[in-house]
Amino acid sequence: QVQLVESGGGLVQAGGSLRLSCAASGLTFSNHFMGWFRQAPGKEREFVAAINRGGSTTYYAYSVKGRFTISRDNVKKSGYLQMNSLKPEDTAHYYCAVGANGRYSEPEYAYWGQGTQVTVSS
């Protein structure tokens with residue numbers, strides 16, 4: 001079956017960096033868009049970033065543009081989210097997801113990981 005496993009979360013001070021990874025199995029990764037979403041306590045899950053199948057086109061939420069970079073390695077069946085200049089408001093549970101044509105909205109993504117926690121201290 002399809003599995004997405006996130007890693008790389010943790011506790012970091014404001015201004016610091018983290019790199020999240022998402023390892024995919026059970027599907028042809030290169031046939032799918034990949035996205036990252038996040039959910040903070042008491043808030044709805046929100047779009048963070050997405051990347052197309054070949055990695056040539058990326059999409060970002062306004063709140064992270066210029067600080068976060070999404071990438072993928074189709075040979076390794078993995079995706080990444082490099083997060084720089086982290087802010088306390090970036091604190092959330094981060095999820096990776098894949099879909100045939102996913103971009104900004106959750107219904108576009110068929111498969112989801114369990115997520116990894118990112119906590120940014122001030």
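None of the values given here were measured: they were computed from a predicted structure.
- No side-chain donor from either of His93 and Gln39 sits under 3.5 Å from a side-chain acceptor of the other.
- Judged by the 6.0 Å distance and 45° axis criteria, Arg72 is positioned over the aromatic ring of Phe29.
- The structure places CD of Glu108 at 7.5 Å from CG of Asn101, a figure rounded to the nearest 0.5 Å.
- Proximity of Val98 to Leu4: side-chain heavy atoms (C-beta onward) are separated by under 4.5 Å at one or more points.
- Going from atom CZ of Arg19 over to atom OG of Ser7 covers 9.5 Å, rounded to the nearest 0.5 Å.
- With rounding to the nearest 0.5 Å, the separation of OG1 in Thr69 from OH in Tyr60 is 4.5 Å.
- Shown here is Gln114, whose CD atom has no more than 12 heavy atoms of other residues, nucleotides or ligands within 6.0 Å.
- Between Gly113 and Tyr95 the shortest heavy-atom distance is O-CD2, 3.5 Å.
- With respect to Phe37, the ring pair (Phe, Tyr, Trp, His ring centres under 6.0 Å) criterion is satisfied by exactly one of Tyr94, Tyr104, Tyr109: Tyr109.
- Taking the centre and axis of the six-membered ring of Phe33, the NZ or CZ atom of Arg53 falls outside the cone set by 45° and 6.0 Å.
- The 12-atom threshold is not exceeded at OH of Tyr111, counting heavy atoms of other residues, nucleotides or ligands nearer than 6.0 Å.
- Note that OG1 of Thr116 and CG of Leu20 are 6.0 Å apart. Values are rounded to the nearest 0.5 Å.
- When only modelled atom types and interatomic distance are considered, Asn84 and Ser17 share a side-chain donor-acceptor pair under 3.5 Å.
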